[in-house]
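Structure, as structure tokens:
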Amino acid sequence: MFPTEPPANTNGFRALLHNRNFMLLWIGQLLSQLADKVFLVLTIALLENYPLAAGIEDTRRSDLFMAFTLPAILFGSAGGILVDRVPKKPIMVGSDVVRGLLTLMIPLLPRQFLILLLLTFAISTVTQFFAPAEQTAIPLLVKREQLMSANALFSSTMMGALIVGFAVGEPLLSWAKSSLGNSGQELVVGGLYLLSAGIMQSISFQERQSPREERQKKNAWTEFKESLSYLRRNRLVLNAMLQMTTLYCVFAALTVLAIRLAAEFGLKEKQFGFFLAAAGVGMVFAAAILGHWGDRLHHKPLPLYGFLMMAFVLGIFTFTHSLFLALGLSVLLGVGAGFIGVPMQTLIQQQTPPEMHGKVFGFQNHAINIALSAPLLITERLTIAFGLRSVLIGMSVAVTAIGIWAWQNTRRVLKDAI
């Protein structure tokens with residue numbers, strides 16, 4: 001699948017386990033990801049401490065979700081531009097410290113919902129600078145032939161943090177409140193951020209910085225246009241990014257559809273997470289396969305297999321009446337998603353020059369966050385208008401078409417790249 005041939009002595013996860021700096025980055029991002037997910041649960045739990053005026057409709061949950069997601073749309077690209085101007089390690093450490101301190105400030109501030117909303121917006125904004133710095137650090141810490149395994153490990157732990165964070169968030173916060181007092185919840189979440197910062201501080205790596213004079217001549221808007229121009233020229237990276245964006249669009253739509261799927265199988269609406277968790281297990285399984293045997297599979301059309309697997313699952317979801325089979329299909333869907341996400345992320349890292357890493361990854365995070373937000377606005381309306389089965393079959397057809405088109409386009413570009 002890649003325009004380079006990995007050496008025969010690549011040994012997957014085992015080599016990464018001996019890379020101290022990479023392992024520190026991995027553990028740090030795992031704690032940071034976990035803190036992000038538990039923080040969102042924390043903001044919802046704190047609403048009981050913020051009284052609502054009588055006669056006013058309670059839209060605070062949706063307001064918090066908006067405050068948490070809006071910075072990704074507004075500042076995703078800006079974070080990547082900053083990463084190319086400033087050393088990455090201070091950005092990662094500083095982001096964790098700032099988020100940790102802001103979280104610890106919550107009990108000290110007045111119990112006004114607007115203040116909680118602003119703090120949520122601020123913490124999510126800082127996160128937009130952490131993500132591209134983390135992505136650009138990976139190619140600096142591992143060899144080129146180990147990128148597949150490294151991305152597989154990061155993808156699996158990111159999905160694991162998503163599952164574990166939302167699953168254990170409420171029990172963890174309840175324990176913290178009962179054991180550590182009224183401020184225990186904030187202490188636990190803030191502590192996770194600060195612990196991540198301490199681990200990141202121990203990382204040591206060399207990075208290339210553009211000459212100071214060159215950085216001073218360019219403003220942020222110029223660098224943003226440079227990233228767009230680079231993507232227009234490099235069809236391989238652009239195509240990989242489009243496939244990643246499509247993948248996240250499908251997952252965002254499934255987040256909405258899973259609520260209706262839960263009802264179809266006799267579950268409570270709040271149990272829709274079973275399907276997402278099963279898909280997460282599939283992604284972890286795919287990451288393990290690619291991490292161990294990626295050097296043997298690199299020449300296979302993995303993204304095409306992934307899109308076809310996802311399309312197959314979407315097409316037959318509503319024709320099965322067994323919950324056990326439906327969860328198995330969700331796992332298969334996750335495997336397909338892993339076959340798309342891990343190789344495409346690796347390809348972007350391989351093909352993007354170091355001086356463009358921050359801008360490209362910032363733009364990628366920007367596009368992905370929009371892809372995660374847009375389907376939330378239209379999927380429910382389409383389901384009401386056309387029905388769940390029609391929407392799933394329509395998604396299946398669209399995913400198949402995109403997968404075949406993307407592979408044909410990528411295959412032509414690969415011939416030029418080899």
Does the pair Leu102 and Val98 meet the rule for a side chain to side chain contact (heavy atoms under 4.5 Å, CB included), with working shown?
CA-CA 6 Å; Leu102 288 176; Val98 170; 3.9 Å; yes
Working to the nearest 0.5 Å, report the span between CD1 of Ile106 and CG of Leu101.
12.0 Å
Could you pull out the closest heavy-atom pair between Val97 and Ala197, with the gap in Å?
CG2-CB, 3.7 Å
Keeping Thr103 on the side-chain end and Gly190 on the backbone end, is there a donor-acceptor pair under 3.5 Å?
no
Heavy-atom pair with the smallest gap, counting every atom of Leu327 and Ala278
O-CB, 3.7 Å
Is there a side-chain contact between Met92 and Glu134, using heavy atoms and a 4.5 Å cut-off?
yes
How long is the straight-line distance from CZ of Phe317 back to OG of Ser330, given to the nearest 0.5 Å?
3.5 Å
Taking the side chain as C-beta and beyond, is there a heavy-atom pair between Tyr193 and Ile123 under 4.5 Å?
yes
Residue set satisfying side chain to side chain donor-acceptor pair (under 3.5 Å) with Thr127, at least two apart, ordered chain then number -> Arg99
Nearest 0.5 Å, what's the CG-CG distance between Leu64 and Leu47?
5.5 Å
Heavy-atom closest contact (Ile138 atom, Ala150 atom, distance):
CG2-CB, 4.0 Å
Which atom of Ala137 lies closest to which atom of Lys88, heavy atoms considered
N-CD, 4.3 Å
I'd like to know if the side chain of Asn21 reaches the main chain of Ser204, judged simply by a donor and an acceptor atom lying under 3.5 Å from each other, with no hydrogens or angles considered.
yes
Heavy-atom check, side chain of Leu314 versus side chain of Val250, under 4.5 Å
yes
Count the heavy atoms of every other residue, nucleotide or ligand shown that sit under 6.0 Å from CZ of Phe121, and state whether that count exceeds 12.
yes
Can you name the one residue among Val335, Leu304, Ile340, Leu333 that meets side-chain contact (heavy atoms from CB on, under 4.5 Å) with Met309?
Val335
Is the closest side-chain donor-acceptor distance between Asp96 and Ser32 under 3.5 Å?
yes
Using a 6.0 Å distance limit plus a 45 degree cone around the ring axis, check whether Arg389 lies over the aromatic ring of Phe319.
yes
What distance do Leu25 atom CG and Arg20 atom CZ have between them, rounded to the nearest 0.5 Å?
12.5 Å
Working to the nearest 0.5 Å, report the span between CD1 of Ile91 and OG1 of Thr136.
7.5 Å
Looking at Ile199 and Gly28, what are the two nearest heavy atoms and their distance?
CG2-N, 4.1 Å
For atom CZ of Phe312, decide whether the heavy atoms of other residues, nucleotides or ligands shown that lie under 6.0 angstrom number more than 12.
no
At their closest point, which heavy atom of Gln128 faces which heavy atom of Pro71, and how far apart are they?
CG-O, 3.6 Å
Any residue meeting side chain to side chain donor-acceptor pair (under 3.5 Å) with Ser178, in chain and number order, not counting sequence neighbours
none
Does Val313 reach the side chain of Met310, with side-chain heavy atoms less than 4.5 Å apart?
no
If we only count heavy atoms from C-beta on, is the Gln29 to Ser196 side-chain gap below 4.5 Å?
no
Criterion side chain to side chain contact (heavy atoms under 4.5 Å, CB included) on Val188 and Val38, from CA distance to verdict
CA-CA 9 Å; Val188 168; Val38 179; 5.7 Å; no
Can a donor-acceptor pair be found, under 3.5 Å and without considering hydrogens, that links the side chain of Lys89 to the backbone of Gln201?
yes
Determine yes or no for a side-chain-to-main-chain donor-acceptor pair under 3.5 angstrom, with Ser179 supplying the side chain and Ala176 the backbone.
no
Reported CG-to-CD distance for the pair Leu173 and Glu186, which is rounded to 0.5 angstrom
8.5 Å
4.5 Å side-chain heavy-atom contact, Thr320 and Leu329
yes
Is the shortest side-chain heavy-atom distance between Ile404 and Phe307 below 4.5 Å?
no
Report yes if the side chains of Asn239 and Trp405 come closer than 4.5 Å at any heavy-atom pair, otherwise no.
yes
Trace of the side chain to side chain contact (heavy atoms under 4.5 Å, CB included) decision for Leu109 with Leu119:
CA-CA 10 Å; Leu109 297 173; Leu119 274 174; 3.5 Å; yes
